Protein chains: 2
Amino acid sequence: MIKEKCLTCDIKSAAVGHLDESQLRILGENCAEASFKKGEVIIKQDSLSSNIIYLKDGLVKTSMEWNHKNQILNIIKAPAYLGIPTTLVDKVNHYSVSALEDSIACFIDINTFKMLIDRNGKFAYEIIIHLCKNELLQYRRCVYRSQKHIPGLVADTLLFFSSEIYMDETFRLPIDRGEFGDLIGTTRETVSRMLKEFQEDHLIEMKGKVVTLVNPDRLIMISMHG
Amino acid sequence: MIKEKCLTCDIKSAAVGHLDESQLRILGENCAEASFKKGEVIIKQDSLSSNIIYLKDGLVKTSMEWNHKNQILNIIKAPAYLGIPTTLVDKVNHYSVSALEDSIACFIDINTFKMLIDRNGKFAYEIIIHLCKNELLQYRRCVYRSQKHIPGLVADTLLFFSSEIYMDETFRLPIDRGEFGDLIGTTRETVSRMLKEFQEDHLIEMKGKVVTLVNPDRLIMISMHG
DNA sequence: TGATATTTGTGAGTATGCTCACGTTTTTTC
DNA sequence: GAAAAAACGTGAGCATACTCACAAATATCA
């Protein structure tokens with residue numbers, strides 16, 4: 001029964017965990033699942049939006065374009081909510097979201113989402129905590145991006161993928177050099193040179209897009225010193 | 001009667017506007033008002049925190065220190081909430097808040113705040129909207145800071161004070177050159193040189209700390225082109 | 001499997017803005 | 001109102017990272 005899909009979903013968010021059976025049923029009735037291939041756009045900046053998205057599976061980037069330049073704001077692994085600020089504040093998306101790996105997303109009707117906030121305080125509280133954590137993360141990122149130099153930022157990014165996304169010292173980089181640059185505010189060429197330097201110093205090894213952190217402790221030092 | 005202070009407060013936040021009389025009474029019983037002189041620290045990074053702050057009057061900056069460098073995250077005019085993320089997520093403050101002008105702040109007990117979120121959906125919704133707006137603002141700031149050059153950022157800042165804080169083309173800069181630099185990610189010296197250049201080009205006039213935007217349209221152009 | 005597109009590597013030259021040093025002005029304090 | 005402290009102005013030299021141009025490698029597609 002399709003209406004029960006949220007009732008039986010086993011990757012509920014912390015917020016949805018606080019819903020009662022009737023609320024879960026309403027959520028199920030106002031929610032649609034879609035899958036996206038690597039590279040596909042899930043939310044497009046400047047388009048209209050009337051859904052909150054719950055990323056059930058996969059990996060995405062959020063990015064903002066300005067003056068023909070792109071900046072990656074965040075790389076987000078499932079499970080996670082996407083687009084809460086951009087959908088709740090006004091109807092126009094302020095940033096894009098696209099899939100870095102094949103992903104599955106649930107589109108939740110915004111009015112249903114607002115109703116759940118209104119009727120279930122614990123749901124609302126979890127959403128608030130989620131937004132707060134994001135804000136703090138964003139502040140830290142912003143400070144690092146403007147105060148660290150390229151080596152520190154490249155080290156940060158490698159450590160981020162290793163310890164926050166893939167939980168492994170060997171992983172396949174889900175972004176190309178240009179995107180790597182957009183993430184830390186530099187250019188394709190500079191990322192290339194930096195990764196080469198890290199390889200020459202035996203901090204990392206690379207075979208194509210597969211990276212191994214050979215000396216993560218040293219990378220942490222570089223990250224800390226900027 | 002001190003317990004009625006929130007009931008009769010005439011600068012209630014949008015969120016507090018949704019509270020009923022008994023909730024306002026509870027808020028009043030768990031809330032204390034304090035005043036701060038220009039320059040005083042309201043929240044200190046790395047200290048413990050157990051209050052949400054409602055800035056009733058004044059002007060503050062939020063800032064984050066890293067590696068002996070300071071970055072100003074935001075400049076906030078009353079009325080506004082301060083420190084929601086830093087207090088709700090964990091007990092340690094992730095950033096500092098200090099007064100740029102004489103200010104009055106209400107300290108709200110965090111458990112009272114959580115209780116209000118739990119019991120009043122409209123209150124929670126307003127807090128969520130506040131956090132979302134802040135997140136979008138923060139994203140935009142971060143993109144600008146890393147993509148615009150110094151002239152664009154200086155123009156941005158002057159326009160920000162003029163049209164968002166003081167609502168006047170003539171205003172007294174509430175920050176010194178060093179803080180101006182911390183706000184846009186550059187140095188005291190570079191801000192000095194830029195402001196001098198703007199004066200030579202008759203875009204602004206300055207007498208001490210009092211600035212007049214002589215040619216705001218041209219400043220907007222500079223801001224847009226970065 | 002070949003052809004085309006995309007991604008990546010690399011060098012040289014350059015610009016933006018930082019650092020450092022010192023002098024001047026303004027503000028604060030006693 | 002004098003002394004001290006803080007804030008500000010300014011120049012010279014320098015470093016980091018950007019731009020531009022092109023070659024090499026890798027991926028994609030018919």
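Only this structure's heavy atoms are used, side chains among them; waters, hydrogens and symmetry mates stay out. Bear in mind that the values here come from a model prediction, so they are computed numbers and not experimental data. Letters A, B, ... are given to chains in the order of the sequence lines, protein chains preceding strands, and every chain is numbered from 1.
- Whole-Å rounding puts the A/K69 NZ to D/dT19 P distance at 6 Å.
- Atom CD of A/E179 and atom C1' of C/dT8 are 14 Å apart (whole Å).
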Going 5' to 3' through nucleotides 9-16 of chain C and flagging B where a protein heavy-atom sits under 4.0 Å of the base, S where only the sugar-phosphate is that close, and - otherwise, we get BBBB----
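- Minimum heavy-atom separation, A/L88 to B/I129: O-CD1, 3.8 Å.
- Using a 3.5 Å distance cut-off with no hydrogens or angles, the side chains of B/K148 and B/S223 do pair a donor with an acceptor.
- Judged purely by distance below 3.5 Å, without hydrogens or angles, the side chains of A/Y95 and A/T86 never pair a donor atom with an acceptor atom.
- Here the P atom of nucleotide D/dA27 and the CD1 atom of A/I175 are 17 Å apart, to the nearest Å.
- A cation-pi arrangement is present between B/R141 and B/F160 under the rule of less than 6.0 angstrom and at most 45 degrees off the ring axis.
- Contact between the side-chain N/O atoms of A/T186 and the OP1/OP2 oxygens of D/dC18 is found at a separation under 4.0 Å.
- Looking at heavy-atom distances under 4.0 Å, A/G181 makes no contact with the nucleic acid at all.
- The nearest whole Å value for the distance from the CD atom in A/E197 to the P atom in D/dT16 is 11 Å.
- Separating the CD atom of B/Q147 from the P atom of D/dT19 is a distance of 11 Å, rounded to the nearest angstrom.
- A 4.5 Å side-chain heavy-atom check between B/V211 and B/L158 finds at least one atom pair inside the cut-off.
- Put simply, NZ on A/K207 is 13 Å from P on D/dT26, counting in whole angstrom units.
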Passes side-chain contact (heavy atoms from CB on, under 4.5 Å), A/F198 versus A/I222? Steps please. CA-CA 11 Å; A/F198 280 3; A/I222 292 173; 4.2 Å; yes
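- For the helix from C/dT1-D/dA30 to C/dC30-D/dG1, the angle separating the two terminal helix axes comes to 60°, with each axis derived from five pairs and the value rounded to 10°.
- Across the protein-nucleic acid pair, B/F180 atom CZ and C/dC18 atom P stand 13 Å apart, rounded to whole Å.
- Summarising the geometry, the separation between CG on A/L173 and C1' on D/dT26 is reported as 15 Å, rounded to the nearest angstrom.
- Under the 3.5 Å distance criterion, with hydrogens and angles disregarded, no donor-acceptor pair is assigned to the side chains of A/S96 and A/S63.
- Residue A/K209 places no side-chain N or O under 4.0 Å from the OP1 or OP2 atom of D/dA27.
- If you check the side chains of A/E169 and A/T212, you find no donor sitting under 3.5 Å from an acceptor.
- Between the side chains of B/N134 and A/E135, at least one donor N or O lies within less than 3.5 Å of an accepting N or O.
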